[in-house]
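First comes the structure, then the notes that go with it.
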2 protein chains.
Amino acid sequence: MKKRAPAAKRSTAPTRPRPEVGYHHGELQEALIAASEAILAEQGAEAFTLREAARRAGVSPAAPSHHFGNAQGLLTEVAIRGYDALAGALREAASGKQGVRDKLHAQGLAYVDYALRHPGRFQTMFANKRLVADDARLKQASRAAGHAFEVVVAELTGGTAKEAKTAAAAAWSTVHGFAKLALEEKFGSVNNEAGRREIMMTLDQVLNYLWPASGTRQ
Amino acid sequence: MKKRAPAAKRSTAPTRPRPEVGYHHGELQEALIAASEAILAEQGAEAFTLREAARRAGVSPAAPSHHFGNAQGLLTEVAIRGYDALAGALREAASGKQGVRDKLHAQGLAYVDYALRHPGRFQTMFANKRLVADDARLKQASRAAGHAFEVVVAELTGGTAKEAKTAAAAAWSTVHGFAKLALEEKFGSVNNEAGRREIMMTLDQVLNYLWPASGTRQ
DNA sequence: TATCTATCTTAACACTGTTCAGATTGAGCG
DNA sequence: CGCTCAATCTGAACAGTGTTAAGATAGATA
């Protein structure tokens, strides 16, 4: 191991072992979040450690605590951004389509695509025990993502608000379950592009099965 | 912390700190599995540690390695039994109903009921990274559970095998996603019986929405 | 310029999983 | 019965982990 670069002096100052930045990092929050994202992307959710994130940011293992409290706090920040990105992807997917059913279909594909493209981040987002589960911003971000389904689905049902809630829960459950099962390799390998494409085709069929061509389901 | 009794010098007359069993436990495999199940039930999947399981079984932290190789091996055994129990619950749920749609509906309820009643075990079963993912018996047990859906769904579609696969993937995805989201508190509190009952009612509506009364879906 | 305060480090603590040499023991065999 | 042997388990160690407390550093403020 032993990441820390060798020496690189700091002008007259003391030749600290951490050359890139001095005592005051300046953007440590962002650096830690970026480092965490990198770990999640490279090695998955389980590989994340606070110390490794600190190492990559070039600070001591105790430094993150001043900004995020603890490891859960840091991952919570990562999860919030993940939910924001997911919600954006869902909204964008829907905005690109015309019919209500096509919007929902596109959202489903976008959801699983997001999960398969950012597995570590996705798993972290839904690992409450590793997050500050009752964080207000986290809950808000999560609700916003779920809300993206409701918005589209409300048009589909056209019925009561309760019916829309049910339909949204159904849609979210289906794509979330599919994504989770896919990530656990229940639908075949997900490590290569070919496998992922095949899985997305399976998803397409699943969505067509549950939400048939417009009209058959009122 | 510091569980182990204080000192109990060994001298010639042992007074071993571990009174219950001697060097040879006799049923250590089962004891370790039972201990692991207890941890999962009491404190959830993330709380499991190999050392705690060994502690509860009354052996040293190194003992489990002789039977399960490592922590993943032990959890794999737990997961296999969990899949067996799940498959049994799914088969039983279906056997109690007549119509095909009612069978599928009952299976869906049974699946989520299982997840909510054994959250730690359920989360472990679907945490591949904590298991020996390529273990033959584990894969077989997992496939058997998924197969329980196919058996029922095949009747529903009555079409090609591919169609049955799609329908089974849809059913599994939906209930799995619902269970996972419920466990992550996306549908409200799941810690009390009242919350759980409400969630099961939501599930009932979701299933009715996706698989409407028999006939409307061919 | 002097002080204050946020930021970061160092060092320690209590854990964790895993490994390896060695102690213990039950079972089979003479 | 007595011996050997292989299975079983311990003890101690190692390299990690997250978190904390006390202190060093340095940017901002007065």
Side-chain angles (χ1 to χ4, degrees), chain A residues 1-4 10-32 35-36 39 43 45-76 127 129-132, chain B residues 1-5 7-32 35-36 39 43 45-76 127 129-132:
Chain A
M1 293 299 172
K2 192 54 89 176
K3 267 315 183 37
R4 245 66 151 239
R10 193 110 173 75
S11 69
T12 87
T15 313
R16 310 203 93 280
R18 204 171 290 107
E20 342 222 352
V21 295
Y23 230 90
H24 284 42
H25 186 291
E27 299 167 330
L28 187 48
Q29 287 99 328
E30 288 304 321
L32 285 169
S36 304
I39 297 171
Q43 303 174 248
E46 306 75 10
F48 169 86
T49 68
L50 186 59
R51 290 179 106 104
E52 174 64 14
R55 235 171 272 140
R56 293 191 182 213
V59 296
S60 82
S65 76
H66 298 281
H67 294 277
F68 299 100
N70 53 22
Q72 293 188 0
L74 173 51
L75 284 184
T76 297
K129 296 265 174 81
R130 305 207 63 179
L131 309 176
V132 183
Chain B
M1 293 301 165
K2 187 58 84 177
K3 271 312 185 44
R4 256 25 176 258
K9 51 288 338 154
R10 38 171 76 292
S11 67
T12 82
T15 312
R16 310 201 96 280
R18 205 172 292 108
E20 342 222 353
V21 294
Y23 231 88
H24 283 44
H25 186 291
E27 298 167 331
L28 186 49
Q29 286 99 329
E30 288 304 319
L32 284 170
S36 303
I39 296 170
Q43 303 173 249
E46 306 75 11
F48 170 85
T49 68
L50 186 60
R51 289 180 106 103
E52 173 64 13
R55 234 171 271 141
R56 293 191 182 213
V59 296
S60 83
S65 77
H66 298 283
H67 293 277
F68 298 99
N70 54 20
Q72 294 188 1
L74 173 50
L75 284 183
T76 297
K129 294 266 175 81
R130 305 205 65 181
L131 309 176
V132 183

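Labels below follow one simple rule: chain letters A, B, ... track the order of the sequence lines, proteins then strands, and each chain is numbered from 1. These figures come from a predicted structure and were not determined experimentally.
Spacing between atom CZ of B/Arg55 and atom C1' of C/dT16 amounts to 9 Å, rounded to whole angstrom units. In this structure, the CG atom of A/Leu28 is 16 Å from the C1' atom of D/dG27, given to the nearest Å. At whole-Å resolution of the value, CD in B/Gln29 and C1' in D/dA7 are 11 Å apart.
Take B/Glu27 and apply the side-chain contact (heavy atoms from CB on, under 4.5 Å) test, not counting sequence neighbours, and it matches B/His25. Residues forming a salt bridge (Lys or Arg N to Asp or Glu O under 4.0 Å) with A/Arg51 (at least two apart in sequence, or on another chain): none. Remark: B/Ala54 pairs with B/Val59, B/Pro64 by the side-chain contact (heavy atoms from CB on, under 4.5 Å) rule, at least two apart or across chains.
The main-chain N or O of B/Ala45 is found under 3.5 Å from a side-chain atom of B/Arg130 such that the two form a donor-acceptor pair.
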Polar pairs (N or O, both sides) under 3.5 Å between protein and nucleotides 18-21 of chain D?
from	atom 1	to	atom 2	distance (Å)
D/dG18	OP1	A/Leu50	N	2.4
D/dG18	OP2	A/Leu50	N	3.4
D/dG18	OP2	A/Arg51	N	2.9
D/dG18	N7	A/Arg51	NH1	2.4
D/dG18	O6	A/Arg51	NH1	3.1
D/dT19	OP2	A/Ala71	N	2.9

Polar atoms only, N or O, under 3.5 Å: list the protein pairs with nucleotides 3-5 of chain C and their distances.
none

Would you sort out whether B/Leu74 and B/Phe48 count as a side chain to side chain contact (heavy atoms under 4.5 Å, CB included), showing the intermediate values?
CA-CA 11 Å; B/Leu74 173 50; B/Phe48 170 85; 4.0 Å; yes
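Between A/Ala57 and A/Leu28, the shortest heavy-atom contact is CB-CD1, 4.0 Å. Considering every non-hydrogen atom in both B/Gln43 and A/Lys129, the closest pair reads O-NZ, 4.4 Å.
Using a 4.5 Å cut-off on side-chain heavy atoms (C-beta onward), B/Glu52 and B/Ile39 make contact.
Neither OP1 nor OP2 of D/dA7 sits under 4.0 Å from any side-chain N or O of B/His67.
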